[in-house]
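None of these values were measured; they are calculated from a predicted model.
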Amino acid sequence: MPLALYALAVATFAIGTTEFVVVGLIPGIAADLSVSLPSAGLLVSLYALSITLGTPIFSALTGSLARRELAIALMVVFTACNLSAALAPGYGTLLLSRIVMAVAHGVQCRRWLIRTRRPPLKN
């Protein structure tokens, strides 16, 4: 298999895991950061809302950029936000990291969906 396919599989796994793994960690996050359970739950809700609102806006803004460079940039942002979230000293930093991460997630997934929906070129 081509190396690009492996990279796509790893990126898809990372994005999917990042979105949903927080759900099981909410009680621990709430306790560690001294916030209420509903506040910790916002880490999931605002992630989803950020995808919903941010994806169309940032997709339009980045539509003219080269696909390869944009994909790399989005995964760099996504990785940096994951590291920032992992090392977040407080709730605000964690929430901001997840919001930016969600927008990168949405734009990246949208581009993957568009790419896979295109008909193959005829020779």
Report task. Determine, using the 4.5 Å side-chain heavy-atom cutoff (strictly less than), whether V44 and M101 are members of one ILVMFWY cluster. Result -> no
Requested in this report: Look at the aromatic rings of Y47 and H105 and report parallel, tilted or perpendicular, splitting at 30° and 60°.
Outcome: tilted
Query raised in the report: With the 4.5 Å side-chain cut-off for hydrophobic clustering, are L95 and L25 part of the same group?
Result: yes
Query - Considering all heavy atoms, the nearest A71-Q108 contact - result: O-NE2, 3.3 Å
Report summary line: Scanning both residues in full, the closest heavy-atom pair of A40 with I26 reads CB-CG2, 3.7 Å
Report summary line: In this structure, CG of L83 is separated from OG1 of T79 (nearest 0.5 Å) by 7.0 Å
Query raised in the report: So if you build clusters from Ile, Leu, Val, Met, Phe, Trp, Tyr with side-chain heavy-atom gaps below 4.5 Å, do F13 and V21 land together?
Result: no
**Report entry** ring pair (Phe, Tyr, Trp, His ring centres under 6.0 Å) partners of Y91, counting only residues at least two apart
**Finding:** none
Requested in this report: State, yes or no, whether a side-chain contact exists between V77 and V100 at a heavy-atom distance under 4.5 Å.
Outcome: yes
Query - Interatomic spacing from CD1 in I51 to CG in L46 - rounded to 0.5 Å - result: 11.5 Å
Requested in this report: Specify the closest pair of heavy atoms between S50 and V103, including all atoms of both residues, with the distance to one decimal.
Outcome: O-CG2, 3.9 Å
Report task. Keeping the roles fixed (side chain from T62, backbone from L65), state whether a donor-acceptor pair exists under 3.5 Å. Result -> no
Query - Point-to-point distance, once rounded to the nearest 0.5 Å, from OG of S36 to CG of L42 - result: 8.0 Å
Query raised in the report: Any donor and acceptor pair, going by atom type alone, linking the side chain of S84 with main-chain N or O of A80 inside 3.5 Å?
Result: no
Query raised in the report: Hey, quick one: are V22 and L37 part of the same hydrophobic cluster, counting side-chain heavy atoms closer than 4.5 Å, chains of contacts allowed?
Result: yes
Query - Option passing side chain to side chain contact (heavy atoms under 4.5 Å, CB included) with L43 (candidates V35, I99, V23, L94) - result: L94
Report summary line: Here the gap from R67 atom CZ to L74 atom CG, rounded to the nearest 0.5 Å, amounts to 13.5 Å
Report task. Find the distance between CG (N82) and CZ (R98) and round it off to the nearest 0.5 Å. Result -> 8.5 Å
